[in-house]
2 protein chains.
Amino acid sequence: MSINAYKPKEIKSLSRIFKILGEPNRLKILTSLGLECRPVSAIVASTGLTQTNVSFHLRVLREAGLVKAEKNGSFVFYCLPEPELRVIIDHFQYWNSSSTSTKKN
Amino acid sequence: MSINAYKPKEIKSLSRIFKILGEPNRLKILTSLGLECRPVSAIVASTGLTQTNVSFHLRVLREAGLVKAEKNGSFVFYCLPEPELRVIIDHFQYWNSSSTSTKKN
DNA sequence: GGTTTATATGCGTTAATACTCATGTGCGTA
DNA sequence: TACGCACATGAGTATTAACGCATATAAACC
């Protein structure tokens, strides 16, 4: 395994994504989504957050390209652009759940 | 691919890790480490951050179990506890670098 | 055209946190 | 014991960002 240093741009870009995922409600919203797009009201219902708050976070996710928005009449449907992100997050979660039990000092 | 919802505890625990990695200097410090432990002064030198700042971030990383500290005389050596975390971060970065070119609005 | 529904946004407040400066602690060495 | 080096930490400050409220926009329906 090679440990090669990250370039400043990579650090900046990658940390921006981690910061976005680091907000619990945002992660909740994102992980509640699949590839099938759902209207905001459904996200509000399933997360229990206020509409304002969901809209606020969806904007952040959208502007980062982490979710995709599709207008349909007066509805706006949100979903993951591609499954990859969710797969990686799942990997992270798997690592997290197994490493916490092996935690050292 | 199955999209199963995350439990509140998983969201909390996972977002905490993402938040930690979401700080650019912290990510910089973490990705500058390998499995071979290095003293704080070396981290300070390679990152260009102040000693106080590095210590501040190392504490956060250490308390989260993301880095391991080994005392040796008046030195404290820091390194990754296991290579897994770095591998996952690398996956993330790979996804990030390839998805930005394919970015949809 | 007016009303309801779905979502977005501007503003003000509050809480979290990254940072610096100064100082503390602990180990090694003269 | 006294001094120097490596690192940690407490206090204070400033920036950021999440949240709620009120309101705006925009589409659907009467």
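Letters go in sequence order (proteins before strands), and every chain restarts at 1. Every heavy atom of this structure was used, including side-chain atoms; hydrogens, water molecules and symmetry mates were not.
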For this session: Verify, without hydrogens or angle tests, whether A:Glu63 (side chain) and A:Val60 (backbone) share a donor-acceptor contact under 3.5 angstrom.
Result: no
Problem set entry | Rounded interatomic separation in angstrom, taking CG from B:Asn72 and C1' from C:dG26 | 14 Å
Exercise. Judged by atom type as modelled, is there a donor-acceptor pair below 3.5 Å linking the side chain of A:Arg86 to the main-chain atoms of A:Thr31?
Worked result: yes
Problem set entry | B:Val54 vs A:Gly73, nearer the 5' end of DNA chain D by closest nucleotide | B:Val54
For this session: List the protein contact pattern of nucleotides 12-22 of chain C with one symbol per nucleotide (5' to 3'): B for base contact, S for sugar-phosphate-only contact, - for none; contact means a heavy-atom distance under 4.0 Å.
Result: -----SBSBBB
Problem set entry | Under 3.5 Å donor-acceptor, B:Arg16 side chain and B:Ala64 backbone | no
Exercise. How close or far is atom P of C:dG26 from atom NZ of B:Lys71, stated in whole angstroms?
Worked result: 8 Å
Exercise. Is the shortest heavy-atom distance from the side chain of A:Tyr6 to the side chain of B:Gln93 under 4.5 Å?
Worked result: yes
Exercise. Rounding to a whole Å, what distance do you find between B:Leu58:CG and D:dA8:C1'?
Worked result: 11 Å
Exercise. B:Leu61 has an atom CG; how far is it from atom P of D:dA8, in whole Å?
Worked result: 12 Å
Problem set entry | Spacing between B:Phe18 atom CZ and D:dA18 atom C1', to the nearest angstrom | 19 Å
Exercise. Starting at CZ of A:Phe77 and ending at C1' of C:dA6, how long is that distance when rounded to a whole Å?
Worked result: 11 Å
Seminar exercise, completed: Regarding the side chain of A:Arg59, the nearest nucleotide among C:dT7, C:dT9, C:dG26 is C:dT9
For this session: Verify the cluster assignment for A:Leu35 and A:Ile88: are they in a single hydrophobic cluster under the rule of side-chain heavy atoms below 4.5 Å apart?
Result: yes
For this session: Considering just the side-chain nitrogens and oxygens of B:Tyr78, establish if one lies under 4.0 Å of OP1 or OP2 belonging to D:dA8.
Result: yes
For this session: Would you please classify the geometry between the A:Phe77 ring and the A:Phe75 ring as parallel, tilted or perpendicular, with 30° and 60° separating the classes?
Result: tilted
Exercise. Quick check: does any side chain N or O of B:Ser55 sit under 3.5 Å from a backbone N or O of B:Thr52, one acting as donor and the other as acceptor?
Worked result: no
For this session: Look at the side chain of A:Ser74 and decide which nucleotide, out of C:dC27, C:dT7, D:dA27, has an atom nearest to it.
Result: D:dA27
For this session: Check every strand shown and say whether B:Ser55 touches a base, only sugar-phosphate, or nothing at a heavy-atom separation below 4.0 Å.
Result: base
